[in-house]
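One structure is given below, encoded as structure tokens.
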Amino acid sequence: MRKRLKRFLPDHETVSSNRWLRPFASTLLHPRLWHLNRHSAAGAVAVGMFCGLIPGPLQMLGAAICCVAFRVNLPLALITTLYSNPITIVPLYLLAFGIGSLIVGDGEFDFTPPPGLNSINPAHWVADLLTWATSLGKPLFIGLVVLAASLSVFSYLAVRWGWRLWLIRQWRQRQSRRRHPQS
């Protein structure tokens with residue numbers, strides 16, 4: 001599994017040669033940020049899922065900071081944040097608002113429908129979505145934190161479980177080949 005994932009991740013040299021990342025090379029080139037095993041992959045996916053719900057373009061920065069703090073795989077966490085994109089962000093925020101409304105439970109919060117993204121300019125989309133999100137207030141904020149934490153925990157457990165199943169499958173295949181060698 002590690003070999004398959006490594007094909008899609010940037011290598012150590014790409015980061016060290018990037019002129020924008022060079023000042024942070026001592027931190028970003030820590031070996032544990034690039035090591036890929038069951039723990040670092042599960043932690044990276046959990047970090048990416050949590051930070052993917054950070055509003056605006058700060059998702060990857062938040063994921064990078066969390067990766068440095070928790071010493072999990074940096075590239076995998078950055079890639080995982082991409083699950084929230086212009087297509088999925090509105091349904092995710094609607095779900096978060098619903099969760100937050102259930103938790104707050106006052107019933108005094110009115111839902112404002114999302115803006116129509118009729119403009120061709122993506123900058124207008126971001127401004128309209130930001131205005132819409134801030135109008136939703138407390139239920140949205142609470143819902144985002146709860147949804148991000150839930151997605152993070154679920155994805156951590158799913159990756160650990162999936163990696164374990166992969167290892168068991170590989171072990172059984174190896175045992176089968178040893179018992180029944182091809183002639």
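Closest approach of L33 and P75 over heavy atoms only: O-CD, 3.7 Å. Here the closest non-hydrogen pair linking N85 and L82 is ND2-O, 3.4 Å.
Within the model, atoms OH of Y83 and CG of L53 stand 3.5 Å from one another, a figure rounded to the nearest 0.5 Å. Interatomic distance, N37 CG to R32 CZ, rounded to the nearest 0.5 Å: 9.0 Å. To the nearest 0.5 Å, the span separating NE2 on H35 from CG on N73 amounts to 9.5 Å. Atoms CG and SG, on L78 and C51 in that order, are 9.5 Å from each other to the nearest 0.5 Å. The CZ atom of R174 lies 9.0 Å from the CG atom of L167; values are rounded to the nearest 0.5 Å. Note that CZ of F50 is 13.5 Å distant from OG1 of T81, once rounded to the nearest 0.5 Å.
Linking Ile, Leu, Val, Met, Phe, Trp and Tyr residues whenever their side-chain heavy atoms come within less than 4.5 Å places M49 and I142 in a single cluster. No continuous path of hydrophobic side-chain contacts links L157 to F154 [ILVMFWY only; heavy atoms under 4.5 Å]. Placement of V159 and V47 in two distinct hydrophobic clusters is found when ILVMFWY residues are connected by side-chain heavy-atom separations under 4.5 Å, directly or transitively. L151 is not connected to W161 by any chain of hydrophobic side-chain contacts under 4.5 Å among Ile, Leu, Val, Met, Phe, Trp and Tyr, and they are in different clusters. Tracing side-chain contacts under 4.5 Å through hydrophobic residues (I, L, V, M, F, W, Y), one reaches L144 starting from I99; they form part of the same cluster.
Looking only at distances, no side-chain donor or acceptor of S176 sits under 3.5 Å from a matching main-chain atom of R172. Within the 3.5 Å criterion, the main-chain N or O of A46 finds a donor-acceptor partner in the side chain of S152.
Side-chain contact between V45 and Y156: absent, with no pair of heavy atoms (C-beta onward) separated by less than 4.5 Å. Contact annotation: the side chain of L140 approaches that of Y93 to within less than 4.5 Å [non-hydrogen atoms, C-beta and beyond].
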For residues 55-69, dump all side-chain donor-acceptor pairs below 3.5 Å to protein atoms at least two apart in sequence or in another chain.
unit_1, atom_1, unit_2, atom_2, d
Q59, NE2, G52, O, 2.7
Q59, NE2, I54, O, 3.3
Q59, NE2, S84, OG, 3.0

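Under the side chain to side chain contact (heavy atoms under 4.5 Å, CB included) test applied with V90, the options L92, L94, I87 reduce to a single match, L94.
W163 does not carry R160 over the face of its six-membered ring by the limits of under 6.0 Å from the centre and within 45° of the normal.
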